Visitor: 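A single structure is presented below for examination.
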Amino acid sequence: MVKIISVASAKGGVGKTVTVANLGVALAGVFKKNVVVIDCNLSNPHLGLYLGMFSTWPVTLNSVLNNEADLEKAMHKHATGLRVIPASFEVRDLQGMTLQRLRSRIRSTFNGYDTDMVILDSSPGITKEAFLTVRAADEILFVATPHIPAIVDITKCCHMLKRTDANPVGIAMNRVRNQKYELRDEEVYKFTKLPILAKIPEDEHVLRSTNFKIPVVSMMPRAGASRAFVRLAAVISGEEYQPPGEGILARLFGRFRGRHAEEDAGFESLAKSRHDFIAHPLR
Ligand SMILES: Nc1ncnc2c1ncn2[C@@H]1O[C@H](COP(=O)(O)OP(=O)(O)O)[C@@H](O)[C@H]1O
Ligand SMILES: [Mg+2]
């Protein structure tokens, strides 16, 4: 049976969407898993943007929820093989939308479809939208930063989980700077009773990749955040992960070329790829 994982946090801006995009790309691209990611943040759908798949999609999750199409029709293929179900950017497509019956729709579409995992990107808070996303899932992966508000908000989410069958599996700790003022692992565990499955460093490459609309795992595979996302994908899928070798020659060559040489080389073409977003008028 296909496993449905919701990536959740009551706090906004902690990195849920970045995590879904990179986890999906790592699972599909590195570990060759059959994965579908679904943008369940209907109010502020950004998953397509993070994956560089912004366009005037005729069929989105909104069409499915409106009974105009089935989930299969709303699926778009990313270059890595990851399958993506975006939500509509159009404000008018939000009217009357509800994520009711999401779980049964996912089950009936993807059971027997050779799909290993369906990952849901959730809206923040404990709103109806967030609750229905969590209710559709078997497992919950929390994303937090090592700061008190984000950790307090996890317990708020756990409260919401009591009314569902979903099982919290752990925390992806994001934007870690290894500063003394950050919450320590044992403090986080004491408060949440959840394990930390991965620590993703604060990494400028994530911000760069966001504006280039290429997940950092693809754009800068050697960046600290990329390695951490691949490690998280290994934990989630139960795969072994051998970090890419950082031999002395590779390190010297990297230094010689400059820190950001990889993306700087293709800067012009990457910058051009932003135009489809900027040129697209929202209705
Ligand atoms: N590890 C990181 N290092 C640097 N910036 C990050 C990191 N993770 C996320 N960000 C940035 O934080 C912002 C919010 O991330 P996002 O995934 O949209 O949060 P959420 O979905 O939880 O609201 C984005 O601009 C993203 O580029
Ligand atoms: Mg988000």
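As the structure is a computational prediction, the values presented were derived from the model and not from experiment. Order of appearance sets the numbers: ligands from 1, and atoms from 1 within every ligand.
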Visitor: Looking only at N/O atoms, are K16 and ligand 1 under 3.5 Å apart anywhere?
Guide: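 Right, the criterion is met.
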Visitor: Could you walk me through whether C157 and V134 pass the side-chain contact (heavy atoms from CB on, under 4.5 Å) test, one step at a time?
Guide: CA-CA 9 Å; C157 265; V134 160; 5.9 Å; no
Visitor: With respect to atom 1 (N) of ligand 1, which of N174, V20, L47, D121 exhibits the smallest heavy-atom separation?
Guide: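 Considering heavy atoms of N174, V20, L47, D121, the nearest to atom 1 (N) of ligand 1 sits in N174.
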Visitor: Taking NZ in K190 as the centre, count heavy atoms belonging to other residues, nucleotides or ligands within less than 6.0 Å. Is the count above 12?
Guide: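 No, not enclosed.
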Visitor: My understanding is that only one of V118, L82, L27 makes a side chain to side chain contact (heavy atoms under 4.5 Å, CB included) with V37; could you say which?
Guide: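 Among V118, L82, L27, the one meeting side chain to side chain contact (heavy atoms under 4.5 Å, CB included) with V37 is L82.
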Visitor: Looking only at protein heavy atoms, which one is nearest to atom 12 (O) of ligand 1, and what is the separation?
Guide: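 Atom 12 (O) of ligand 1 sits closest to the protein heavy atom R175 NH1, 2.9 Å.
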Visitor: Under 6.0 Å from the CG atom of N111, do we count more than 12 heavy atoms belonging to anything else shown?
Guide: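 Count over threshold, so yes.
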Visitor: Decide whether an N or O pair under 3.5 Å exists between G13 and ligand 1.
Guide: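 In this structure, G13 places an N or O atom under 3.5 Å from an N or O of ligand 1.
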Visitor: Can you see which heavy atom on F229 is nearest to which on L23, and at what distance?
Guide: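 For F229 versus L23, the nearest heavy atoms are O-CD1, 4.4 Å.
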Visitor: Near L207 CG, under 6.0 Å, is it more than 12 heavy atoms from other residues, nucleotides or ligands?
Guide: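 Yes, because the 6.0 Å sphere around CG of L207 holds more than 12 heavy atoms from other groups.
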Visitor: Everything protein-side that's N, O or S and under 2.8 Å from the Mg ion (ligand 2): list it, residue and atom.
Guide: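 Under 2.8 Å from the Mg ion (ligand 2) - ignoring waters, which are not counted - the protein N, O or S atoms are T17 OG1.
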Visitor: Please identify which atoms of ligand 1 are closer than 4.0 Å to at least one heavy atom of T17.
Guide: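 Once the distances to T17 are compared, the set is 17 (O), 21 (O).
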Visitor: Between R83 and H78, is there a donor-acceptor pair closer than 3.5 Å when you use the side chain of the first and the backbone of the second?
Guide: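 No, the answer is negative, given that no donor and acceptor are paired below the 3.5 Å cut-off.
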Visitor: Identify whether the distance between the nearest side-chain nitrogen and carboxylate oxygen of R107 and D138 falls below 4.0 Å.
Guide: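 Salt bridge flag = yes for D138 with R107.
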Visitor: Could you give the distance from CD1 (I85) to NZ (K73), rounded to the nearest 0.5 Å?
Guide: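 Spacing of CD1 (I85) from NZ (K73) equals 12.5 Å.
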Visitor: Nearest heavy-atom pair of V206 and T210: which atoms, and what distance?
Guide: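 Closest approach of V206 to T210, heavy atoms only: O-OG1, 2.7 Å.
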Visitor: What residue and atom, counting heavy atoms only, is the protein's closest point to atom 18 (O) of ligand 1, and at what distance?
Guide: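 Here the nearest protein heavy atom works out to Y50 OH, 2.5 Å.
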Visitor: If you draw a 6.0 Å radius around NE2 in H147, do more than 12 non-hydrogen atoms from other residues or ligands fall strictly inside?
Guide: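 Counting other residues, nucleotides and ligands, NE2 of H147 exceeds 12 neighbours.
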Visitor: What residue and heavy atom of the protein are closest to atom 4 (C) of ligand 1, and at what distance?
Guide: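 I find the closest protein heavy atom is D203 O, 3.2 Å.
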Visitor: I need the nearest protein heavy-atom contact for atom 7 (C) of ligand 1: residue, atom name and distance, please.
Guide: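 Going atom by atom, the protein heavy atom closest to atom 7 (C) of ligand 1 ends up being V206 CG1, 3.6 Å.
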Visitor: Any N/O of G15 closer than 3.5 Å to an N/O of ligand 1?
Guide: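 Between G15 and ligand 1, an N or O pair is found under 3.5 Å apart.
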Visitor: Determine whether the side chain, the backbone, both or neither of T210 has a heavy atom under 4.0 Å from any heavy atom of ligand 1.
Guide: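 Near ligand 1, T210 shows its side chain, while the N, CA, C and O stay back.
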Visitor: Just distances here: any N/O of S9 and N/O of ligand 1 closer than 3.5 Å?
Guide: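 The answer is no, given that S9 and ligand 1 share no N or O pair closer than 3.5 Å.
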Visitor: Which ligand 1 atoms are under 4.0 Å away from a heavy-atom of V18?
Guide: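 Contacts of ligand 1 toward V18, numbered from 1: 9 (C), 17 (O), 26 (C).
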Visitor: Taking the non-hydrogen atoms of H46, is any one of them nearer than 4.0 angstrom to ligand 1?
Guide: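 H46: no contact with ligand 1 (<4.0 Å).
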Visitor: For E139, is there an ion pair with K3 - N to carboxylate O distance below 4.0 angstrom?
Guide: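 A salt bridge is present here (some side-chain N lies under 4.0 Å from a carboxylate O).
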Visitor: With atoms numbered from 1 as shown, which atoms in ligand 1 lie under 4.0 angstrom from a non-hydrogen atom of L207?
Guide: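 It comes down to these atoms of ligand 1: 5 (N), 11 (C), 25 (O), 27 (O).
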Visitor: Using atom types as modelled and distance alone, determine if a side-chain donor or acceptor of N62 lies under 3.5 Å from a backbone N or O of S88.
Guide: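 Here the side-chain-to-backbone pair exists.
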Visitor: Which atoms of ligand 1 sit under 4.0 Å from any heavy atom of P201?
Guide: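 Counting from 1, the qualifying ligand atoms are 1 (N), 2 (C), 3 (N).
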Visitor: Would you name the heavy atoms of G224 and D203 that are closest together and state the gap between them?
Guide: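 Distance-wise, the nearest heavy atoms are N-OD2, 3.4 Å.
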Visitor: Got an N/O contact under 3.5 Å between G12 and ligand 1?
Guide: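 Not met; the criterion fails.
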